[in-house]
Amino acid sequence: MSSSPRFRFAPSPTGFFHVGGARTALYNWALAKRLGGTFVLRIEDTDEARNQPEWTQGIIDALSWIGIRQDDPTFEGPYFQSEYAQAHIDAANRLFEQGQAYYCDLTGEQVQERAKINGKQGYDGYSRDRGLEAAPGRVLRFRVPEGQTVVNDLVRGRVEFANEVIEDFVLLRGNGSPMFLLANVVDDITMRISHVVRAEEHLPNTPKQQMIWDALGQQSPVWAHVPVLVNEQRKKLSKRRDKVALEQFRDEGFLSEAMINYLMTLGWAPAGDVEIVPWSTVERDFRLEDVNHSPAFFDLKKLASFNGEYIRAMSVNEFIQASQPFLTGDNVPWTPAQFDEEKFRAMAPLAQTRLVVMSELPELVDFLFLDEPIIDEQSWSKTFSSADAVEMLNDAIAAFDTGLTWDHDSLKLCVEVAGLARGLKLGKAQAPIRVAITGRTIGPPLFEALELMGHDQVMRRLRAAVERLAGA
RNA sequence: GCCCCCAUCGUCUAGUGGCCUAGGACACCACCCUUUCAAGGUGGCGGCACGGGUUCGAAUCCCGUUGGGGGUGCCA
């Protein structure tokens with residue numbers, strides 16, 4: 001009886017992995033790990049019209065990205081709901097034979113009409129005692145008993161539902177296929193699930209499912225309904241309006257550790273005053289009893305902040321490693337031949353503190369690899385609107401060509417002196433050089449970049465800028 | 001409409017009757033540092049929805065109000 005707990009995550013494959021689903025999965029995973037239990041993945045693929053086989057791989061990949069790995073002994077599955085259809089139907093037949101379910105030949109429209117006449121919402125139990133047998137077009141409905149159903153929920157406590165407000169819900173469709181409510185319970189029984197941890201939107205389903213567990217002679221599992229994630233309008237996160245695809249966050253350069261950590265702090269907080277904590281802490285301390293009861297806003301800004309923290313927390317080598325996927329491909333303005341690994345490694349620590357997401361990396365370092373910098377017109381016109389700025393370029397060309405030691409300190413001193421001669425502080429004096437070299441007003445530290453690029457390339461760019469100015 | 005859930009700074013939260021003059025984080029603002037931008041440092045802004053109880057004492061317990069959310073399918 002007191003065997004190890006079995007949790008489950010039961011997504012339906014609908015195209016991409018929702019961040020809300022990710023959090024639910026993480027909650028289940030943390031618990032399964034800490035309690036020495038099992039995390040069962042069940043793909044609820046019964047809505048055939050909407051399902052695609054490749055989505056399943058997407059779910060497995062997404063789970064793996066957030067640390068829920070198939071090769072971990074805690075992981076079990078995936079199971080496919082569609083393969084258990086017979087068990088669902090057997091269970092339905094059993095309920096029918098036990099008198100706990102009955103067939104009804106009313107169409108959806110007819111049900112609505114009757115509801116209108118009755119002045120009451122929902123199905124009115126019309127066929128309860130008509131003794132109908134199974135036939136095409138007839139749905140099987142659960143016979144909701146009198147009384148009340150009490151759901152004991154680990155996060156919400158005791159929740160009571162009066163059975164009279166629960167209609168005799170459908171178990172089997174007119175075509176004989178099982179509905180979610182039934183299939184879900186039967187699978188949980190089959191897979192010996194002991195803990196159902198899912199989003200709050202399922203709470204109203206729970207009394208119905210608990211009645212099915214009871215009717216099937218099973219002891220219902222431990223329920224836990226965690227609050228939903230909402231957008232700034234405080235509505236449930238929706239695929240249509242909101243950015244919710246885990247894959248998209250991954251591709252934009254959010255670190256999985258940051259995402260995992262952030263997701264865990266939505267509705268729960270680690271002990272003490274720090275919220276950036278390693279997974280080991282989460283696994284050790286996470287408890288459903290401590291989960292908040294209110295919906296949580298999925299705040300992109302805070303996620304970004306977590307991501308920045310995680311990026312900066314990496315060693316330089318780890319950062320270089322993590323950079324690799326963002327240094328090649330279509331999103332990068334340079335060709336593979338132009339890329340210079342050595343220069344990148346030298347620039348990496350300077351780039352590291354300047355990133356919120358990894359995908360911002362190319363624009364920070366592209367000038368190092370391209371023949372010509374990508375000129376941002378606004379930066380250019382703003383910077384070179386003053387005569388001083390133009391002259392600074394000539395000053396720099398002259399000064400850099402005097403055979404000075406080509407390191408960042410000397411270069412800095414050199415520009416400082418030239419600026420002083422024009423009454424410009426270093427901040428002002430370096431601006432035109434920066435734009436001429438990098439094409440932008442903002443970027444990594446300039447003199448370090450100049451040192452890296454070397455005398456010849458720097459001179460070329462400065463002269464090109466002067467020419468461009470003359471032409472304009 | 002009906003059912004259910006919820007209610008601490010703008011946001012995420014700590015807080016389980018006295019430690020609360022309510023703590024932290026994000027965001028925002030100011031200052032410092034500074035080679036632009038970041039990062040970092042220091043400081044600031046800002047909250048217990050409201051009304052009744054219970055209690056010597058309430059953010060914490062009870063009731064109501066208001067406000068949010070979820071559900072109400074032959075979707076999952």
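Each chain gets a letter, A, B and so on, in the order its sequence line appears, and its residues count up from 1.
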Counting just side-chain N and O atoms, does [X] come under 4.0 Å of either OP1 or OP2 of [N]?
| X | N | answer |
| --- | --- | --- |
| A/R158 | B/C5 | no |
| A/R354 | B/U36 | no |
| A/K412 | B/U35 | yes |
| A/N292 | B/A14 | yes |
| A/K425 | B/U34 | no |
| A/R173 | B/C75 | yes |

Rounded distance in Å between the [atom1] positions of [N] and [M]:
| N | M | atom1 | value |
| --- | --- | --- | --- |
| B/C48 | B/G10 | P | 8 Å |
| B/C20 | B/A39 | C1' | 34 Å |
| B/C4 | B/G23 | C1' | 33 Å |
| B/U55 | B/G71 | P | 42 Å |
| B/A14 | B/C9 | P | 13 Å |
| B/G24 | B/G64 | C1' | 34 Å |
| B/U60 | B/C19 | P | 13 Å |
| B/G40 | B/C33 | C1' | 8 Å |

Using Watson-Crick or G-U wobble geometry with both distances below 3.5 Å, tell me the partner of [N], or none.
| N | answer |
| --- | --- |
| B/C2 | B/G71 |
| B/C45 | none |
| B/A25 | B/U11 |

Take the protein atom [atom1] of [X] and the nucleotide atom [atom2] of [N], then report the distance between them rounded to whole Å.
| X | N | atom1 | atom2 | result |
| --- | --- | --- | --- | --- |
| A/R156 | B/G70 | CZ | C1' | 9 Å |
| A/N163 | B/C2 | CG | C1' | 16 Å |
| A/F298 | B/C26 | CZ | P | 17 Å |
| A/E448 | B/A38 | CD | C1' | 14 Å |
| A/E160 | B/C5 | CD | P | 9 Å |
| A/D168 | B/U72 | CG | P | 17 Å |
| A/E363 | B/C37 | CD | C1' | 12 Å |
| A/N261 | B/U13 | CG | P | 14 Å |

Would you indicate which nucleotide in [options] comes nearest to any side-chain atom of [X]?
| X | options | answer |
| --- | --- | --- |
| A/R434 | B/U36, B/G24, B/C5 | B/U36 |
| A/I442 | B/G69, B/C5, B/C37 | B/C37 |
| A/R141 | B/G68, B/C74, B/G24 | B/C74 |
| A/H202 | B/A76, B/U35, B/C6 | B/A76 |
| A/A269 | B/G69, B/U13, B/G70 | B/U13 |
| A/L203 | B/U35, B/A76, B/C4 | B/C4 |
| A/A296 | B/C26, B/U13, B/G24 | B/U13 |
| A/V228 | B/C4, B/G71, B/G69 | B/G69 |

Report yes or no: does A/S359 contribute a side-chain atom to a donor-acceptor pair with the main-chain N or O of A/E252 at less than 3.5 Å?
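Indeed, once roles are kept as given, a pair shorter than 3.5 Å links the two residues.
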
Does A/Q352 use its side chain to pair, donor to acceptor, with the backbone of A/M314 at less than 3.5 Å?
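Indeed, once roles are kept as given, a pair shorter than 3.5 Å links the two residues.
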
So what does [X] touch, heavy atoms closer than 4.0 Å: a base, only the sugar-phosphate, or nothing?
| X | answer |
| --- | --- |
| A/T441 | base |
| A/T107 | base |
| A/L106 | base |
| A/G272 | nothing |
| A/F447 | base |
| A/V139 | base |
| A/F169 | nothing |
| A/P227 | nothing |
| A/P445 | base |

Could you tell me whether [X] and [Y] make a salt bridge, using a distance below 4.0 angstrom between a side-chain N and a carboxylate O?
| X | Y | answer |
| --- | --- | --- |
| A/K235 | A/D242 | no |
| A/K302 | A/E309 | no |
| A/R130 | A/D105 | yes |

Passing option when A/D90 is tested against A/Q86, A/H88, A/R94 for side-chain hydrogen bond (donor to acceptor under 3.5 Å, both in side chains)
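Exactly one option meets the side-chain hydrogen bond (donor to acceptor under 3.5 Å, both in side chains) with A/D90, and it is A/Q86.
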
A/E146 atom CD: more than 12 heavy-atom contacts under 6.0 Å:
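No, CD of A/E146 has 12 or fewer neighbouring heavy atoms, counting only those of other groups under 6.0 Å.
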
Between [N] and [X], counting only base atoms on the nucleotide and side-chain atoms on the residue, is there a donor-acceptor pair under 3.5 Å?
| X | N | value |
| --- | --- | --- |
| A/E167 | B/U72 | no |
| A/Q121 | B/G1 | yes |
| A/K301 | B/C26 | no |
| A/K302 | B/A25 | yes |

Do A/T206 and A/Q209 pair up side chain to side chain, a donor and an acceptor below 3.5 Å, judged on atom types alone?
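No pair is found: no donor N or O on one side chain lies under 3.5 Å from an acceptor on the other.
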
Of A/G427 and A/K235, whose nearest nucleotide on RNA chain B comes first from the 5' end?
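Closer to the 5' end of RNA chain B: A/G427.
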
How do A/E289 and A/T353 order along RNA chain B: which one's closest nucleotide is nearer the 5' end?
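The 5'-side residue here is A/E289.
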
If you apply the rule side-chain hydrogen bond (donor to acceptor under 3.5 Å, both in side chains), what do you find for A/S315 with A/N317, and how did you get there?
CA-CA 5 Å; A/S315 70; A/N317 277 333; 5.6 Å; no

Validation row, ring centre A/H202 to ring centre A/F180 under 6.0 Å:
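Yes, they do, as the ring centres are separated by less than 6.0 Å.
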
